[in-house]
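Notes follow once the structure below has been shown.
One-based numbering along the sequence shown.
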Amino acid sequence: MRLDKFLKVSRILKRRTVAQEAANGGKVDVNGRPAKPACQLKVGDTVCVHFAGADLTFRVKMLKETVKKDEASDMYEIVSDL
């Protein structure tokens, strides 16, 4: 699954265009390397999103094209949020 789509479906970021802008702006790392929106995620990948005030690091637990709002947080496991 594409990085930008995962961020949107998992509700980490609100819209896919916001996810694309964040990745293009160098604010998203996958496995320690800067990632583009089209980066293909796999289960077990570690993603770090650099927000203005903090970083959110999480591990991908599952990939689904669509999920209900209640199940979105099941797609990832937070490693650290500084």
>> Working note: Tyr76 + Leu7, criterion side-chain contact (heavy atoms from CB on, under 4.5 Å); need CA distance, chi angles, decisive distance, verdict.
In response: CA-CA 10 Å; Tyr76 60 91; Leu7 292 173; over 6 Å; no
> Between Lys36 and Asn24, is a side-chain contact (heavy atoms from CB on, under 4.5 Å) present by the stated rule, with each step listed?
Replying inline: CA-CA 6 Å; Lys36 295 294 180 189; Asn24 284 328; 4.0 Å; yes
>> Evaluate Lys61 against Met75 for side-chain contact (heavy atoms from CB on, under 4.5 Å), listing each step before the verdict.
In response: CA-CA 5 Å; Lys61 286 175 49 178; Met75 294 181 67; over 6 Å; no
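Between Asn31 atom CG and Cys48 atom SG the span is 11.5 Å, to the nearest 0.5 Å. In this structure, CD in Gln40 is found 10.5 Å from CG in Asp45, a value given to the nearest 0.5 Å.
Residue pairs meeting the side chain to side chain donor-acceptor pair (under 3.5 Å) criterion with at least one partner in residues 9-20, sequence neighbours excluded, are Asp4-Arg16, Asp4-Gln20.
What you find for Leu3 and Ala35 is that their closest heavy atoms are CD2-CB, 3.8 Å. Counting all heavy atoms, side chain and backbone alike, Leu13 lies closest to Ala19 at CD1-CA, 3.6 Å.
The residue from Leu56, Leu41, Val79 that alone fulfils the side chain to side chain contact (heavy atoms under 4.5 Å, CB included) condition with Val47 is Leu41.
Counting heavy-atom neighbours within 6.0 Å of Lys64 NZ, excluding the residue itself, gives a total of 12 or less.
The closest side-chain heavy-atom distance from Pro34 to Asp29 is below 4.5 Å.
Look at Lys27 and Glu21 and you find no salt bridge, because none of the NZ, NE, NH1 or NH2 atoms lies under 4.0 Å from a carboxylate O.
Taking the six-membered ring for Trp and thresholds of 30 and 60 degrees, Phe6 and Phe58 have nearly parallel ring planes, at less than 30 degrees apart.
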